[in-house]
Amino acid sequence: MNRRDFVKPTEQEIEERRNMYAKAEELGIDLLKFDDNDKEDRIKRDIRKAIIFLGEGKEVPPELKKRLLQRKEKYERK
């Protein structure tokens with residue numbers, strides 16, 4: 001087995017990750033299970049785009065955010 005040296009993340013990196021997870025949760029995205037087979041390709045594409053923006057520390061564009069929030073609201077009503 002290869003020996004791996006892990007680098008401990010800085011407090012800033014930890015805070016950035018917390019923010020990313022919080023924003024993803026607000027949009028109804030589970031970052032640990034976002035590419036389900038039961039989702040339509042259109043939905044998967046929107047989720048992947050949002051994750052890229054969040055991972056880069058950028059804001060999700062308003063139109064994409066609106067679609068994700070509508071999907072989240074529809075899913076929560078079920």
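Side chains are part of it too, since the values below use all heavy atoms of this structure and drop only hydrogens, waters and symmetry mates.
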Non-neighbouring partners of Arg42 that pass salt bridge (Lys or Arg N to Asp or Glu O under 4.0 Å), sequence neighbours left out = Glu40
[X]: which residues meet the side chain to side chain contact (heavy atoms under 4.5 Å, CB included) condition with it, sequence neighbours left out?
X     : answer
Lys66 : Glu63, Gln70
Lys58 : Phe53, Glu56
Glu15 : Arg18, Asn19

Side-chain polar contacts of residues 20-29 - donor-acceptor pairs under 3.5 angstrom, sequence neighbours left out - could you list them?
{"from": "Lys23", "atom 1": "NZ", "to": "Glu59", "atom 2": "OE2", "distance (Å)": "3.1"}

Nearest 0.5 Å, what's the CG-CZ distance between Leu31 and Arg17?
-> 12.0 Å
From Leu64 atom CG to Leu69 atom CG, the distance as rounded to the nearest 0.5 Å | 9.5 Å
Within 6.0 angstrom of Lys65 NZ, more than 12 heavy atoms from elsewhere = no
Cluster overlap Ile52 with Leu32, hydrophobic side-chain contacts below 4.5 Å | no
Go through the steps for Ile14 and Glu11 under the test side-chain contact (heavy atoms from CB on, under 4.5 Å), then give the verdict.
-> CA-CA 5 Å; Ile14 292 170; Glu11 287 299 319; 4.3 Å; yes
By side-chain hydrogen bond (donor to acceptor under 3.5 Å, both in side chains), Gln12 pairs with (sequence neighbours left out) Glu16
Asn2: what forms a side-chain hydrogen bond (donor to acceptor under 3.5 Å, both in side chains) with it, not counting sequence neighbours?
-> none
Could you walk me through whether Ile47 and Arg71 pass the side-chain contact (heavy atoms from CB on, under 4.5 Å) test, one step at a time?
-> CA-CA 11 Å; Ile47 292 171; Arg71 186 183 67 81; 3.5 Å; yes
